[in-house]
2 protein chains.
Amino acid sequence: MGYKHNKEDILEVGYQVIRKNGYHHVGINQILKEAGIPKGSFYNFFESKEDFARQVIQYYGEGNRKWLQDIFQKSEETPINTLKSFYKLLIGYNEEDNFCSGCLINNLGNETGRLYDSLAEETKEQFDQWLDIIAEVARKGQEVKEITSSFTPKEIANYLHSGFYGTFFKMKVERSRKDMDTWLEMTFKFIKA
Amino acid sequence: MGYKHNKEDILEVGYQVIRKNGYHHVGINQILKEAGIPKGSFYNFFESKEDFARQVIQYYGEGNRKWLQDIFQKSEETPINTLKSFYKLLIGYNEEDNFCSGCLINNLGNETGRLYDSLAEETKEQFDQWLDIIAEVARKGQEVKEITSSFTPKEIANYLHSGFYGTFFKMKVERSRKDMDTWLEMTFKFIKA
DNA sequence: TCTAAACTAGACCAATTGGTTTATTTTTCT
DNA sequence: AGAAAAATAAACCAATTGGTCTAGTTTAGA
């Protein structure tokens, strides 16, 4: 029947808390309190705060990867519309979240990328795997001449997702989706074949 | 002959330190040590750490605004090339900086935008004033039919600068300018008239 | 069933956090 | 020159930081 706590639950709490508040603003004690575990258990599962954050990134990266694959597989729209609907969905999620969190990967990459090699490495890796999935849709879009072939599928995917990350700055300080909507219209006009 | 310390020097130190390390990772004591001032002087000039950060944003925002105006006024290139050279210059600065810092405004907006209203407000305001200056060059570019007129000058300016911010994530975790260069080529192809 | 490993529990630690206080010195203004 | 204001200086504060330690409990496997 297993022990009282399990790693996944702690990682999920860590994901929620760190995504909202960042890395340095969150203390171990806060995680312990929200997850309802004693310190001994935490340091039994994780070597350090940095190791914990790395595993949170991995946990979220892998979960999101499966979600991406699933959503693209199920889509009945054309490639370019699949992508556009996907970003519209993400914008909607951020709206439900009151525009305060953005994406864990982007947040941690920006806040800690230069400070901790292990976190830079892990964010880079997870992000890159997402890009591969998005790039596959872009490739299909090029195949059916919906998306410009002036750039590689991976370049298109990176342009889309990094560009989307760029909208988080204004989203957070203006607490509105206006700029994200404009970004969506502009970008998808630009990448059309 | 004035007192021993002055606010501007402290703000400059704060700018350098916070840009590199973020808000929550930097303690007051570190600022004091690097600026060579005692705590009493700091709290004589600033109400709190948050107030200090707000003034750092303002100090940097205003300084950079003047720099922008100057660089665009001096440019002898056509509008679209003025903009492209400008972003090429920024990429170069980030390379000299070993790709570790990015932009103070983007960093603080993302890290603290949702947590402290005063910092969200200040970053928003400074960013918006930068955009007005960039938009004026975009407007001239539309006038001479170099830049697409499908969007307003301010929309173009925001698309450029927010998009540029989007490249910081990968810059920091990969510690390379590769993605920034690709972004530059793609974006300026897209906004061409 | 017994043992070793994994997990739970929380008291404890030195170091650091943002901030206050008090006293002294320097400058400015009348 | 004298008083008020501004700035310097650092000791001090409670609260929190990431992390360790020791002791007890639960589980899985031989």
Side-chain angles (χ1 to χ4, degrees), chain A residues 1-57 59 107-108 111-112 114-120 122, chain B residues 1-57 59 107-108 111-112 114-120 122:
Chain A
M1 54 173 292
Y3 287 96
K4 196 165 176 184
H5 308 295
N6 73 310
K7 249 172 98 162
E8 277 228 351
D9 291 343
I10 309 173
L11 290 172
E12 178 63 29
V13 169
Y15 164 65
Q16 300 292 350
V17 176
I18 294 176
R19 179 178 60 114
K20 265 202 165 59
N21 301 294
Y23 180 77
H24 293 109
H25 188 46
V26 169
I28 300 285
N29 289 318
Q30 190 182 341
I31 309 267
L32 302 180
K33 214 172 112 189
E34 300 214 23
I37 56 163
K39 213 163 231 185
S41 296
F42 182 89
Y43 279 98
N44 176 251
F45 287 128
F46 310 102
E47 278 180 23
S48 62
K49 187 187 181 186
E50 183 180 338
D51 175 55
F52 174 65
R54 210 213 81 246
Q55 292 199 44
V56 168
I57 294 165
Y59 161 79
N107 292 351
L108 282 187
E111 185 186 347
T112 67
R114 89 166 195 98
L115 299 166
Y116 312 102
D117 289 355
S118 73
L119 303 189
E122 193 65 52
Chain B
M1 54 172 294
Y3 287 97
K4 197 166 176 184
H5 309 296
N6 71 311
K7 252 172 96 163
E8 278 228 350
D9 290 345
I10 308 173
L11 288 172
E12 178 63 29
V13 168
Y15 164 66
Q16 300 291 350
V17 176
I18 293 176
R19 179 178 61 114
K20 265 204 166 59
N21 302 294
Y23 180 77
H24 294 109
H25 189 46
V26 168
I28 301 285
N29 289 318
Q30 192 182 340
I31 309 267
L32 302 180
K33 212 172 112 190
E34 299 214 24
I37 55 162
K39 213 164 230 186
S41 296
F42 181 90
Y43 279 98
N44 176 250
F45 287 129
F46 310 102
E47 278 180 23
S48 63
K49 187 189 181 187
E50 183 180 337
D51 175 55
F52 174 65
R54 211 212 79 246
Q55 292 199 45
V56 167
I57 294 165
Y59 161 79
N107 292 352
L108 283 187
E111 185 186 347
T112 68
R114 90 165 194 98
L115 300 166
Y116 312 101
D117 289 354
S118 73
L119 303 189
E122 193 67 51

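Order of the sequence lines sets the chain letters (A, B, ...), proteins ahead of strands, with each chain counted from 1. Heavy atoms only: backbone and side chains are in, while hydrogens, waters and symmetry mates are out.
Applying the salt bridge (Lys or Arg N to Asp or Glu O under 4.0 Å) criterion to A:Asp9, with sequence neighbours excluded, gives no partner residue. In this structure B:Gln16 satisfies the side chain to side chain donor-acceptor pair (under 3.5 Å) test together with B:Glu12, B:Arg19, sequence neighbours excluded. Checked against ring-ring contact (aromatic ring centres under 6.0 Å, His included), B:His24 has the following partners two or more places apart in sequence or in another chain: A:His25, B:Tyr116. Residues passing the side chain to side chain donor-acceptor pair (under 3.5 Å) test with A:Lys4: none are found, sequence neighbours excluded.
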**Request:** Just do the side-chain contact (heavy atoms from CB on, under 4.5 Å) check on B:Asn21 and A:Arg114 with the steps written out, would you?
**Result:** CA-CA 9 Å; B:Asn21 302 294; A:Arg114 89 166 195 98; 2.7 Å; yes

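Here D:dG19 presents its P atom at 12 Å from CZ of A:Phe52, a figure rounded to the nearest Å. Between A:Asn29 atom CG and C:dT16 atom C1' the separation is 14 Å, expressed in whole Å. Across the protein-nucleic acid pair, A:Tyr43 atom OH and C:dA9 atom C1' stand 15 Å apart, rounded to whole Å. If you measure from atom CZ of A:Phe42 to atom P of C:dA6, you get 19 Å, rounded to the nearest angstrom. Atom CD1 of A:Ile31 is separated from atom P of D:dT17 by 11 Å (rounded to the nearest Å). Taking atom NZ of B:Lys49 as the reference point, atom C1' of C:dT17 lies 8 Å away to the nearest angstrom.
Axis angle across the helix from C:dT1-D:dA30 to C:dT30-D:dA1, with five pairs used at each end and values rounded to 10°: 20°.
At least one side-chain heavy atom of B:Ile57 sits less than 4.5 Å from a side-chain heavy atom of B:Leu119.
Across residues 7-28 of chain A, A:Val26, A:Gly27, A:Ile28 each have a non-hydrogen atom less than 4.0 Å from an atom of DNA chain D (numbered order).
Across all non-hydrogen atoms, the minimal contact from B:Phe52 to B:Gly14 is CZ-CA, 3.7 Å.
Listed by first then second residue, pairs satisfying salt bridge (charged side-chain N to carboxylate O under 4.0 Å, His left out) with a partner in residues 42-56 of chain B read B:Asp51-B:Arg54, B:Arg54-B:Glu122, not counting sequence neighbours.
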For residues 26-46 of chain A, please give each side-chain donor-acceptor pair under 3.5 Å, one per line with the distance, not counting sequence neighbours.
residue, atom, partner, partner atom, Å
A:Asn29, OD1, A:Lys39, NZ, 3.3

**Request:** Let me have a per-nucleotide readout for nucleotides 7-13 of chain D, 5' to 3', with B, S or -, counting only protein heavy atoms under 4.0 Å.
**Result:** BBBB---

